[in-house]
Amino acid sequence: MKVIIIGGGIIGLSSAIYLQQAGCQVTVVDRSDMLQGCSYGNAGYICPSHFVPLATPGIVRQGLKWMMNAKSPFYVKPSLNKDLLKWGWTFMKSATRSHVERSALPLRDIALLSKQLYEEWAKLPGMDFSYEPIGMMELFKTEENAHHAVQTVAEATALGIEARILGKEELQQMEPGVTIDAAGAVFFPGDSQLYPNQLMQNLLTYLEIKGVQFIRHREITDFIKTGNKITGVKASGSVIDADHVVLAAGVWSTPLARQFGINIPMVGGRGYSITFEDTPYKLHHSVILSEARVAISPMNGNKIRFGGTMEITPLNTPPRMQRVQGIVESVKQYFPTYDIPLPPAEKVWYGYRPCSADGLPYIGNVSRYTNVTVATGHSMLGISLGAATGKLVAELVTNVPTSMDLRPFNPERFC
Ligand SMILES: Cc1cc2nc3c(=O)[nH]c(=O)nc-3n(C[C@H](O)[C@H](O)[C@H](O)COP(=O)(O)OP(=O)(O)OC[C@H]3O[C@@H](n4cnc5c(N)ncnc54)[C@H](O)[C@@H]3O)c2cc1C
């Protein structure tokens with residue numbers, strides 16, 4: 001079976017691994033060089049701890065407060081764009097307590113499956129993406145977040161995810177090399193860290209050796225439809241034949257999905273990161289600064305990456321350095337001895353998280369065409385859930401029972 005995967009981010013490449021293993025003839029088509037998109041400069045957390053979807057009652061309240069502050073971690077550029085308004089409305093409707101409760105189990109299951117698969121990948125020949133099971137600490141400063149931390153630990157424990165509160169002193173003992181100004185932390189020993197840039201490079205090399213074909217700098221714009229089948233994709237003018245199509249084009253998937261008769265509301269949640277090598281900033285664990293929503297990732301032995309912000313903005317707006325300044329200033333509030341220099345704009349990486357309208361990914365087949373699978377909308381969890389998504393996609397394409405119940409991720413849930 002000839003499978004065309006649209007998009008060579010983590011979701012497209014993970015799908016390619018399992019489809020190739022299942023005996024498919026796989027071609028990945030990407031309009032870029034596949035070397036710097038959202039799947040590269042992210043924080044690299046593999047995090048079963050993230051069993052709460054982006055759409056929560058708290059984020060809507062907090063987001064409205066943050067919107068007026070140029071350095072805040074969350075920003076929505078006011079706009080009358082119809083798609084953005086629809087997404088916002090759906091997001092607000094989804095952000096309920098019961099949605100959060102319903103999402104916990106599927107998010108836990110896909111994350112645990114993914115973690116297990118990354119552990120397998122790390123042993124494959126040629127794969128060395130610094131997969132490290134170092135655990136993650138969510139630092140908090142305020143009383144409100146201390147209270148929230150206790151709740152989080154209770155919820156995680158109920159789901160079978162190991163979590164515990166670290167008091168100020170224990171937290172300091174876990175990171176003896178740096179002064180920490182925080183009231184405490186939640187520690188998730190089961191989370192892992194990897195170096196996403198290296199993971200993506202490893203995947204490209206591995207897949208090329210396995211015979212997967214890559215077509216770069218070609219944009220898929222249209223499909224050849226014959227009855228209830230897609231028989232080809234149109235890429236920059238020419239046609240490529242297909243027995244099956246996998247849509248994994250990240251935040252750009254929505255207009256293509258419309259051509260399959262489905263609505264997958266999505267916006268780009270722009271985030272920034274800055275990475276330093278051989279610096280005095282050293283941590284033993286991945287860290288999230290809860291109030292500031294900043295992620296700090298020690299990577300690949302000698303690197304450290306600071307990332308954050310969720311900026312809902314049209315995809316062509318220039319990067320805002322105030323947001324990066326906000327990240328740098330937040331770090332100092334928790335690590336007073338860390339004087340992170342603000343790098344020049346060209347050294348700042350940014351990417352667009354494919355944010356679905358309820359914080360859950362869209363994974364599944366479409367009903368109008370018998371040979372189309374959708375895999376996108378992973379928001380802030382595309383790396384964490386990537387390996388499992390790839391396996392699930394291959395199961396859908398080859399029509400074998402899926403490793404988990406995919407109904408919560410149905411791509412037609414907003415149709
Ligand atoms: C600051 C930041 C930190 C993050 N930290 C983490 C983290 O710690 N853990 C985690 O799990 N996730 C994290 N994420 C989120 C994660 O990076 C994304 O969820 C993930 O990269 C999305 O992968 P994707 O394959 O869906 O999309 P992408 O990586 O965006 O790939 C989509 C690809 O499709 C191609 N494409 C689009 N349209 C077309 C077309 N018409 N024809 C051909 N090709 C097309 C694009 O060129 C692109 O290469 C973070 C994101 C940011 C911004």
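Read the numbers this way: they start at 1 and go in the same order the structure lists the ligands and their atoms. FYI, side chains are in, hydrogens and waters are out, and symmetry mates aren't considered; it's all heavy atoms of this structure. Residues: numbered from 1 along the sequence shown.
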Decide whether the shortest distance between a heavy atom of Arg353 and an atom of ligand 1 is less than 4.0 Å. yes
How does Arg218 reach ligand 1, by side chain, by backbone, by both or by neither, if only non-hydrogen atoms under 4.0 Å count? backbone
Hey, does Tyr352 sit under 4.0 Å from ligand 1 if you only count heavy atoms? no
Where on Ser273 is there a heavy atom closer than 4.0 Å to ligand 1, on the side chain, on the backbone, on both, or on neither? neither
Who gets closest to atom 53 (C) of ligand 1 by heavy atom: Ala375, Gly41, Gly351? Gly351
Could you tell me which atoms of ligand 1, counted from 1 in the order shown, lie closer than 4.0 angstrom to a heavy atom of Cys38? 17 (O), 18 (C), 21 (O), 29 (O), 30 (O)
Tell me whether the rings of Tyr118 and Tyr131 are parallel (<30°), tilted (30 to 60°) or perpendicular (>60°). parallel
Ile383-ligand 1 polar pair, N/O distance under 3.5 Å: yes
Is it true that Glu119 and Lys123 make a salt bridge, defined as a side-chain N closer than 4.0 Å to a carboxylate O? no
Could you walk me through whether Ser103 and His99 pass the side-chain contact (heavy atoms from CB on, under 4.5 Å) check? CA-CA 6 Å; Ser103 304; His99 169 65; 3.3 Å; yes
For ligand 1, which atoms sit closer than 4.0 Å to a heavy atom of Pro354? 19 (O), 22 (C), 26 (O)
Near Ser32 (heavy-atom distance under 4.0 Å), the atoms of ligand 1 are 47 (O), 49 (O)
Nearest-contact summary for atom 4 (C) of ligand 1 - protein heavy atom, Å: Asn42 CB, 3.2 Å
If we only consider heavy atoms of Gly37, is any one of them less than 4.0 Å away from an atom in ligand 1? no
Identity and separation of the nearest protein heavy atom to atom 34 (O) of ligand 1: Gly7 CA, 3.3 Å
Among all protein heavy atoms, pick out the one at the shortest distance from atom 15 (C) of ligand 1; state its residue, atom name and that distance to 0.1 Å. Ser379 O, 3.3 Å
Will you find, in the side chains of Asn145 and Ser290, an N or O donor that is under 3.5 Å from an N or O acceptor? no
Sub-3.5 Å N/O-N/O distance, Arg270 and ligand 1: no
Find out whether the Lys NZ or Arg CZ of Lys141 is both under 6.0 angstrom from the six-membered ring centre of Tyr334 and within 45° of the ring's axis. yes
Which atoms form the tightest heavy-atom contact between Pro48 and Ile46, and what is the distance? CD-O, 3.4 Å
Under a plain distance cut-off of 3.5 Å, with no hydrogens placed, do Glu412 and Ser367 share a side-chain donor-acceptor pair? yes
Using a 3.5 Å cut-off on N or O atoms only, is Ile11 in polar contact with ligand 1? yes
Looking only at heavy atoms, which two atoms of Pro53 and Leu107 are closest? And how far apart? N-CD1, 3.7 Å
Measure the acute angle between the ring planes of Tyr18 and Trp121, then classify it against the limits of 30° and 60° as parallel, tilted or perpendicular. tilted
Could you check whether Ser238 and Arg218, counting side-chain N and O atoms only, form a donor-acceptor pair closer than 3.5 Å? yes
Atoms of ligand 1 less than 4.0 Å from Tyr272 heavy atoms? 1 (C)
Donor-acceptor pair between Ser32 and His217 side chains, under 3.5 angstrom: no
Of the backbone atoms (N, CA, C, O) and the side-chain heavy atoms from C-beta on, which set of Met380 has a member under 4.0 Å from an atom of ligand 1: side chain, backbone, both, or neither? backbone
Test of proximity, Ala43 against ligand 1: N or O pairs below 3.5 Å: yes
How far is atom 44 (N) of ligand 1 from its nearest protein heavy atom, and which residue and atom is that? Arg31 N, 3.1 Å
Does one side chain, of Gln325 or Glu329, offer a donor that lies under 3.5 Å from an acceptor on the other? yes
For Gly44, the ligand 1 atoms with a heavy-atom partner under 4.0 Å come out as 7 (C), 8 (O)
Numbering the atoms of ligand 1 from 1, which are under 4.0 Å from a heavy atom of Leu381? 10 (C), 11 (O), 12 (N)
Could you list the atoms of ligand 1 found under 4.0 angstrom from a heavy atom of Val29? 43 (C), 44 (N)
Does a side-chain heavy-atom distance below 4.5 Å link Phe306 with Val328? no
Kindly identify the option in Gly308, Ser15, Ser39 whose heavy atom sits closest to atom 21 (O) of ligand 1. Ser39
Quick one: nearest non-hydrogen protein atom to atom 27 (O) of ligand 1, plus distance? Gly250 CA, 3.6 Å
Among Asp33, Ile4, Asp30, which residue places a heavy atom closest to atom 33 (C) of ligand 1? Asp30
Heavy-atom check, side chain of Cys47 versus side chain of Phe188, under 4.5 Å: no
Enumerated ligand 1 atoms positioned under 4.0 Å from heavy atoms of Ile10: 23 (O), 25 (O)
Closer than 4.0 angstrom: is that true for some heavy atom of Leu256 and an atom of ligand 1? yes
4.5 Å side-chain heavy-atom contact, Ser403 and Leu392: yes
Tell me which protein heavy atom sits closest to atom 11 (O) of ligand 1, plus the residue, atom name and distance to 0.1 Å. Ser384 N, 2.6 Å
Assess the side chains of Asn300 and Arg305: does a donor N or O sit below 3.5 Å from an acceptor N or O? no
Kindly confirm or rule out a cation-pi arrangement of Arg270 over Tyr350, judged by NZ or CZ under 6.0 Å from the six-membered ring centre and within 45° of its axis? yes
Heavy atom of the protein closest to atom 8 (O) of ligand 1 (residue, atom name, distance): Tyr45 N, 2.8 Å
For atom 41 (N) of ligand 1, find the nearest protein heavy atom and state the residue, atom name and distance (0.1 Å precision). Ile220 O, 2.9 Å
Side-chain contact test, heavy atoms from C-beta onward, threshold under 4.5 Å: evaluate it for Leu19 versus Val397 and give yes or no. yes
Would Gly307 count as a contact residue for ligand 1, given that I'm defining contact as a non-hydrogen atom of the residue lying under 4.0 Å from a ligand atom? no
